[in-house]
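Computed from heavy atoms alone, side chains included, the values below leave out hydrogens, waters and symmetry copies.
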Amino acid sequence: MDALNTVHVVTDLVYQPGDLVPFRLHAGIVVASFFVSLIGAITTVELLQRRTGAKGWTTWWELFSCSVSMGLVAIWCMHYVGNRGIILGGGDPRLQLVYNPGYTALSSFIPIIALFIAFAIADRRHRGKKFLLTALVLSGIVAGLAIVGMHYTANLGVSNYHIDFEKKYVGGAIIIACAACVLSLTLIFMLQELWINFFISRFLCALCIAGAVCGMHYEGTVGTSYRLKYAVESGTGLRNTNVITAVIISLLTVPVCLLIAIKANRRHKQLADRAQQVVLACARFDSEGRLMVTHEGLLPCQNITMHENQKSFEDQFNVTHPAFQWIYRASHNWSSIIRWLPNMRRHLQSVHFLNDPSGTKNASVDSSLFEVSSEVEDYSIIFREGFCVAAASIAQGLKTSVTEMGTLYTEVMMTGTLNLSALTGRKTFLNRLNPGRSGLIRDVEANMGVDIFGKGQLLLLVHQCDKKETAKLLTDGYRFAPVDKIAEHLARSMRVPLGYLTGHLYALQQQARQETDVPHGTMLGCFALRAGVSRRTWEVLVKKDMPYRLPWVQSSPNAMDASTAQLLAQLDGLSVANCLARITQRLEAPDELNIGFWENFRTSIQNLGELVPESFFRQAIFSAKALKITTLIPGSNQIATCDLLAFHIIPDIHSSTLKTTTLDLEYTPLSFLRCRQQVLEGAMQNATFERKVHHEFASIFASKDTNAVVRPTQVKQKSKSRFFSRAITLRDLDTHHKKSGSNSEDDSIRSHSPEDTAPSMTMSDFGSKKSMGSMMTPLPEAGGMPFGGIMVSSDVTVETSAVSGKTSGEPITEYTEGVGTSAYASTADVDVPTYVDELYALAVTKWQQR
């Protein structure tokens, strides 16, 4: 009472110092305070949604921005605007709240710091699912305490009143704030984990946060009593200072929200435009089968071209197109492409092909540097260059090497589809790749290769990440999401039906995990060839789970020998039915000495018939010619070989249609099966492909100004050979022809003498990335080379020998030391025939002779 007696008494006031002053709330200001908090909450939720997830200072800056938007705007500004709605003493200006500047400043830092800690805790949720809920609950509690702490700290800063707080209301405020914050933050982060990226869901989360702040504030206000210290004589100026500051800060947040909205709308249009373009993306999976996406929930991608038919392909772009098959082989042999990437990028700039995918502009590049005309050159070359440069750009963004980008997905996805109902058949076909989700639903028309039409196309590079790669990508801000959770978000961005995309994603997942089948011994297969309707090409029957393999069974664990070939020659040219009849006849012969062989071969035919349960199979013609299948063993320099015996048939279009009960087979284009086999054969086919790349692109990159174009990287070889003593150009070869008078190209460019051979290679180097660079080395260029120079190729003859495995006893084939090594210069780019080519020739021959 002594303290109160020292206070000056104002006689015209209704309430004197020491009196409890009643109050009421101004409804309009209460509503305004809620919208102030809502603006800050929306900004916070949008900033949290758009976090990149990158580590380092970027993460802390993003968390700090979120803390400021929520702590300063949603909580601090709301508090002072809301307190302006407290009308004390009937509205007398001299009895209204006045704040201490020190406490006001302190109250602004408390929520920012506390929320920064709360968001940092929630950010650690990726450590594991068990820690996720704990982190979110703890962060919600910290955020709730931040709201409560700011509220009561700011109230302690009221200088003209003694403020009393009822404990039950304080407890209620803590419960309201913490519960609402736990709910809000859990919703925000769980929606991110589920990739539910709708504005309405984010807006509801913001409403929950704003409701928590306002609910706690006014619940605490109801439990607060104000005992007057002194009356304010200076009018309303002091009480409005904090309110004006809070309103200004809130209004500054509005442009931030508008910028976010504008950026989101622009991004939406970019995704819509991208869905109508030809795009290259990468699909990388971790060991759990989760798909890597950016912080936006999208696949890292790069445009190849605005439209697939810009300068137009002659045929529809799919797996049968030569350009697709070229980039498919390139994705399995990146080492042959890397050296050409700088010139590819410069060439694309010179012909003004879209924008440079690398993001760099070089106006000094002149199309006259290249020996091509942009008006008449083959668009296929431009497209393939665009693919390679786009892959290099994605690799640069992922901070990895092009060689680690993975292999091309075996289908071309359509995006920006015009008629979604037209995709129903394809949807059921693709969903069969995940029987647990869609069951064994089959659509007959889908098996016939019904094409899906859309405005854009998507090519995908598939890669399986190991633990080290996964950790690095997480550190760089990328995320790994389950396919079923991310599919809907991706489908919206690509403008495709969910079922269509989900099927492709599971197919990508399967391709990433798939290991190459390595057959051994002697295989008995069926080569069924039919005329494709939709693709206008030949199609071959293959296994669905291994579309690079024919339907076959193992006839013998051993390779073919002369005696076996002699016995099988008796069946050459016979149908399946006649073969079985002939075998039965041989088994019934009393003097038959090979009963075991014929019984085993009959069983193999019957097993093959069960694998191909189609009526046309019994009409297939047998060929006794054994073909060699060569397969590079994954992760090694060894190759495995096996013999293949096949029944050949070319059924008519009606009988070739697979039954709905045939679950394990499908048709694939003959040309693409051949392309896949070229990839499977490994180093030799890769060497041929590298020669073709050199022969084709060297002529394009031949510069009129030798200093203006980046030359392909050359690998120096130490050799005393006279053959490598100087550069060779076509002019040199022409001069040599004239002097020697020889008409044979081999006489002028090939050397067989031992002293002129290339440096020897160990078999541990053969087939490695390093060895390919040394096997295929462009000769140094002397002056302008109109056709890109001569490529030096080192032919390595490989002997194969069957050896027994130490554990399984299965025969394998491995590389031995190369014999008969020779070096020569060649411009030949003819593909080495595969067993698929031989099967096709045999099928046509046998069918004509039947």
Side-chain angles (χ1 to χ4, degrees), residues 29-30 32-41 43-44 63-86 97-122 138-159 161 163-167 169-182 184-185 206 208-224 226 239 241-250 252-253:
I29 297 179
V30 170
S33 67
F34 174 79
F35 281 103
V36 168
S37 181
L38 183 61
I39 291 173
T43 306
T44 302
L63 293 178
F64 179 74
S65 301
C66 296
S67 304
V68 170
S69 64
M70 183 172 175
L72 190 61
V73 181
I75 300 176
W76 189 87
C77 292
M78 178 273 151
H79 175 87
Y80 283 102
V81 173
N83 271 11
R84 182 63 177 81
I86 299 176
L97 299 177
V98 177
Y99 301 96
N100 182 289
Y103 276 97
T104 301
L106 177 63
S107 65
S108 66
F109 287 105
I110 289 177
I112 294 175
I113 295 173
L115 287 170
F116 182 82
I117 296 173
F119 291 143
I121 294 173
L138 183 59
S139 62
I141 293 174
V142 174
L145 294 177
I147 299 174
V148 176
M150 182 273 150
H151 174 82
Y152 288 105
T153 301
N155 281 347
L156 290 176
V158 176
S159 57
Y161 280 93
I163 299 180
D164 297 322
F165 308 108
E166 293 189 36
K167 293 181 179 179
Y169 284 98
V170 174
I174 293 175
I175 293 174
I176 291 174
C178 291
C181 285
V182 168
S184 301
L185 292 179
C208 188
I209 293 175
V213 175
C214 291
M216 174 270 147
H217 176 85
Y218 291 110
E219 192 274 345
T221 299
V222 171
T224 302
Y226 300 89
R239 63 180 296 215
T241 301
N242 291 348
V243 177
I244 293 173
T245 303
V247 170
I248 292 175
I249 294 175
S250 301
L252 290 176
T253 310

Side-chain contact, heavy-atom cut-off 4.5 Å: Y161 with T224? no
Any side-chain heavy atom of H151 sitting closer than 4.5 Å to one from T221? yes
For atom OH of Y152, is the number of surrounding heavy atoms from other residues, nucleotides or ligands below 6.0 Å larger than 12? yes
Taking atom types as modelled, find out whether T153 and S107 have a side-chain donor-acceptor pair closer than 3.5 angstrom. no
A side-chain contact here means heavy atoms from C-beta on lying under 4.5 Å apart; do V36 and Y80 qualify? no
When L106, I112, L145, I75 are each screened for side-chain contact (heavy atoms from CB on, under 4.5 Å) with M150, the one that passes is I75
T43 side, atom OG1; L72 side, atom CG - distance, nearest 0.5 Å: 11.5 Å
Look at the side chain of T253 and the backbone N and O of I249, then say whether any donor-acceptor pair between them is shorter than 3.5 Å. yes
Please tell me if the side chains of N155 and N83 come closer than 4.5 Å, counting only heavy atoms from C-beta onward. yes
Counting only N and O atoms by type, is there a donor-acceptor contact under 3.5 Å from the side chain of S69 to the main-chain atoms of C66? yes
Non-hydrogen atoms of V81 and I29 that approach each other most closely: O-CG2, 3.1 Å
Between A120 and L63, which heavy-atom pair has the shortest distance, and what is it? CA-CD1, 4.0 Å
Within a reach of under 6.0 Å around CZ of F165, are more than 12 heavy atoms found that belong to other residues, nucleotides or ligands? yes
Which atom names give the shortest non-hydrogen contact between C181 and I147, and what distance separates them? SG-CD1, 3.5 Å
For the atom pair CH2 (W76) and CD1 (I110), what is the distance rounded to the nearest 0.5 Å? 12.5 Å
Minimum-distance pair of heavy atoms, taken over all atoms of G157 and Y103: CA-CB, 3.4 Å
